Amino acid sequence: MATTLEVKVVASLCCVGACGLLLYLYRILWLVPERVRRELRRQGIRRPPPSFPYGNLADMRQAAADAKRTLSTERGGTGIVHDYRPAVFPFYEKWRNEYGPLFTYSVGNMVFLHATDPGVVRDLCLCVSPEDLGKSSYMKTTHRPLFGDGILKSNGEAWARQRKLIAPEFFPDKVKGMLDLMVGSAQALVRSWEESVAAGSGGGALDITVDDDIRAYSADVISRACFGSSYGKGKRIFAMIRELQKAVARPNLLAEMTGLRFLPTRSGWAAWRLNRRVRRLILDVVRESGAAGDEDAGNLLNAMLRSAEAETGGVAAAEDFVVDNCKNIYFAGYETTAVTAAWCLMLLALHPEWQRRVRDEAREALAGGEPDFPSLQKMKQLTMVIQETLRLYPAGSVVSRQALRELSLGGVRVPGGVNIYVPVSTVHLDAGLWGPGAREFDPGRFAARPQLHSYLPFGAGARTCLGQGFAMAELKVLLALILSSFEVALSPAYHHSPALRLVVEPEHGVQVILKSVRPADGPT
Ligand code: HEM
């Protein structure tokens with residue numbers, strides 16, 4: 001009798017628990033996002049109708065599949081169309097045409113405000129309060145092993161403290177101190193290409209896919225900057241971070257929607273194990289180089305460790321800070337710079353007149369020597385070419401934010417929790433901001449400074465890229481040395497197909513024909 005009663009009580013409790021859980025899930029998966037969507041709709045902001053529980057995910061997948069089927073490579077006057085949005089972001093294109101420059105859509109229970117409206121973008125650029133705006137939390141749970149609590153994804157006070165500690169390491173005088181390591185890495189790349197040209201059977205010309213070599217350059221530079229003379233070990237660490245990146249590439253939607261980050265999955269388990277190894281290796285290298293004395297104490301990670309220890313007073317917290325930010329800086333600086341250099345070579349191959357100008361300018365500035373700070377400053381045309389490359393092929397395809405509390409942007413009342421996505425390529429190709437030639441390559445437009453909110457390759461406002469001075473120096477060193485040594489033409493094998501991976505990159509690589517043009521006494 002007592003046993004039956006106990007069973008009934010337990011069964012009733014289970015029923016109540018199950019109902020409670022269902023109600024809770026219904027609330028967070030539907031009621032809360034629906035309230036936010038209604039609030040935005042009341043202000044006239046339209047949206048594609050979401051379905052339960054995945055929002056507009058199915059529409060996005062369908063649009064991407066349709067685009068893949070219908071859009072084989074478009075070829076225009078020059079054979080290459082720079083506007084890649086129909087291929088890469090077909091769903092944004094469809095919705096923007098239907099609903100205008102401001103609309104909302106949903107992925108699961110996460111509501112996104114897609115904004116190219118100039119007023120909203122301007123206010124987003126001007127908002128510097130870390131309590132109002134932070135980084136979007138979309139994918140934060142999935143990507144946790146990769147970014148931890150580092151600068152890229154943290155918000156509020158935690159972000160402000162990290163920014164204060166890391167920013168001085170990228171001040172111009174620090175970047176000046178890193179020029180030699182950039183020059184050394186770029187010279188090694190140029191030398192290897194020269195040897196290949198000389199050894200090849202192409203009569204002084206070499207048909208080459210540049211991407212892997214440029215990635216190796218970018219990895220080399222960032223590894224030397226982070227790890228000093230232990231950069232060889234650093235490269236192994238970075239190879240493992242790349243593995244980690246692959247392990248967390250697929251969104252764990254259930255975890256994103258419920259916030260439960262300890263849901264067991266096979267990829268989550270693999271990422272957790274890799275992450276432990278990466279942490280151990282980073283700390284080993286940092287400790288070794290710290291113990292090795294002056295020569296190594298000059299590297300970025302040691303400098304960050306020292307300032308974190310001074311700030312927090314705790315070794316464990318400082319170690320977490322260095323490990324997370326080592327992964328963050330690698331992620332932020334490696335692929336972005338490499339892909340920009342590859343697109344830049346593609347564009348210069350396509351525009352020989354600009355290539356000639358940049359080569360002449362580089363040769364004059366270098367005067368037979370190696371790149372240094374004053375000579376890089378003289379290369380104004382090269383700066384404009386890189387700026388134009390970043391306008392047409394911005395490595396960061398969206399500036400993403402989250403309203404951390406209700407706030408007003410461009411007259412729109414944005415409820416707390418909404419993710420705000422500004423598609424950078426749409427802003428960069430807006431004829432209203434850039435004129436009728438917005439879709440053409442014309443570096444000359446950067447002779448004048450663009451308006452703040454019309455040019456966002458390094459993001460916006462308080463969260464703007466910390467490494468932009470470093471990246472510009474790295475790109476200028478590489479391109480000045482390549483162009484001083486080679487004439488670059490597009491190979492007939494090049495197939496223009498920008499594709500979204502981590503950044504928008506050339507799907508099949510950039511194939512060019514290199515011809516040696518270095519005068520006998522030029523720099524190596
Ligand atoms: C062409 C190369 C690069 C591009 C296009 C680029 C672009 C960006 C973008 C779009 C952001 C986000 C800004 C925002 O949300 O407003 C960002 C953030 C960041 N970048 Fe870069 N980046 C490049 C190279 C680098 C390099 C070489 C480093 C370091 C070595 C670096 C370090 C960072 C850091 C630390 C942040 C986070 C800033 C924060 O949240 O406070 N970046 N970058």
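Atoms within each ligand, like the ligands themselves, are counted from 1 in listed order. Here the structure is a predicted model, which is why all the values come from computation and not from measurement. Position 1 is the first residue of the sequence, and the numbers go up from there.
The nearest heavy-atom contact from the protein to atom 40 (O) of ligand 1 is Arg463 NE, 3.0 Å. At the shortest separation from atom 21 (Fe) of ligand 1 among protein heavy atoms lies Cys465 SG, 2.3 Å. Protein heavy atom in closest approach to atom 4 (C) of ligand 1: Phe458 CE2, 3.5 Å. If you check which protein heavy atom lies closest to atom 12 (C) of ligand 1, you get Lys135 NZ, 3.8 Å. Protein heavy atom nearest atom 33 (C) of ligand 1, with residue, atom name and distance: Ala332 CB, 3.6 Å. Protein heavy atom closest to atom 23 (C) of ligand 1, with residue, atom name and distance, is Thr336 OG1, 3.5 Å. Summary of contacts: the protein heavy atom closest to atom 28 (C) of ligand 1 is Gly467 CA, 3.6 Å.
The number of heavy atoms from other shown groups lying within 6.0 Å of CG (Asp284) is above 12.
Panel note: side chain Ser497, backbone Glu507; no donor-acceptor pair is recorded below 3.5 Å.
Contact analysis leaves Gln162 out of contact with ligand 1, as no non-hydrogen atom separation drops below 4.0 angstrom. Residue contact check for ligand 1: Trp159 places a non-hydrogen atom closer than 4.0 Å to it. Heavy atoms of Met472 stay at 4.0 angstrom or farther from ligand 1.
By the 6.0 Å and 45° rule, Arg47 does not stack over the aromatic ring of Phe103.
Atom numbering of ligand 1 starts at 1 in the shown order; those under 4.0 Å from a heavy atom of Thr340 are 1 (C). Of all atoms in ligand 1, listed by their number and element, those nearer than 4.0 Å to a heavy atom of Gly333 are 25 (C), 26 (C), 27 (C), 28 (C). Heavy-atom contacts of Gly459 reach the following atoms of ligand 1: 10 (C), 13 (C), 14 (C), 16 (O) (cutoff under 4.0 Å). Contact atoms of ligand 1 toward Pro457: 5 (C), 7 (C), 10 (C) (distance under 4.0 Å to a heavy atom of the residue). Taking a cut-off of under 4.0 Å to the non-hydrogen atoms of Phe170, the atoms of ligand 1 that pass are 29 (C), 30 (C). For ligand 1 and Leu152, the ligand atoms under 4.0 Å from any heavy atom of the residue are 36 (C), 37 (C).
Between Tyr231 and Phe227, the distance from one ring center to the other does not fall under 6.0 angstrom. For Tyr421 and Tyr138, the gap between ring centers reaches or exceeds 6.0 Å.
Residue-to-ligand polar distances keep Glu474 apart from ligand 1: every N/O pair is separated by 3.5 Å or more. On a distance-only criterion, Gln468 and ligand 1 share no N/O pair closer than 3.5 Å. Between Ala460 and ligand 1, an N or O atom pair is found at a separation short of 3.5 Å.
Ring geometry, Tyr334 versus Tyr330: the interplanar angle falls under 30°, so the pair is classed parallel (tilted spans 30 to 60°).
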Stepwise, does the salt bridge (charged side-chain N to carboxylate O under 4.0 Å, His left out) test hold for Arg144 with Asp149?
-> CA-CA 8 Å; Arg144 195 170 172 82; Asp149 292 315; 3.2 Å; yes
Go through Asn328 and Lys153 one step at a time and tell me if the side-chain hydrogen bond (donor to acceptor under 3.5 Å, both in side chains) criterion holds.
-> CA-CA 9 Å; Asn328 279 231; Lys153 296 283 175 172; over 6 Å; no
Does the pair Phe446 and Thr383 meet the rule for a side chain to side chain contact (heavy atoms under 4.5 Å, CB included), with working shown?
-> CA-CA 9 Å; Phe446 284 96; Thr383 305; over 6 Å; no
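Counting heavy atoms under 4.0 Å from ligand 1, residue Arg163 touches it through the side chain alone. Contacts between Ile151 and ligand 1 below 4.0 angstrom, taking non-hydrogen atoms only, involve backbone and side chain alike. Contacts with ligand 1 closer than 4.0 Å are made by side-chain heavy atoms of Arg401 only, the backbone lying farther away.
With values rounded to the nearest 0.5 angstrom, Leu366 atom CG is found 8.0 Å from Asp372 atom CG. Remark: Leu300 CG to Ile166 CD1 distance equals 8.5 Å, nearest 0.5 Å. Atom CG of Leu409 is separated from atom CG of Leu113 by 8.0 Å, given to the nearest 0.5 angstrom.
One side chain, His82 or Tyr393, offers a donor N or O that lies under 3.5 Å from an acceptor on the other.
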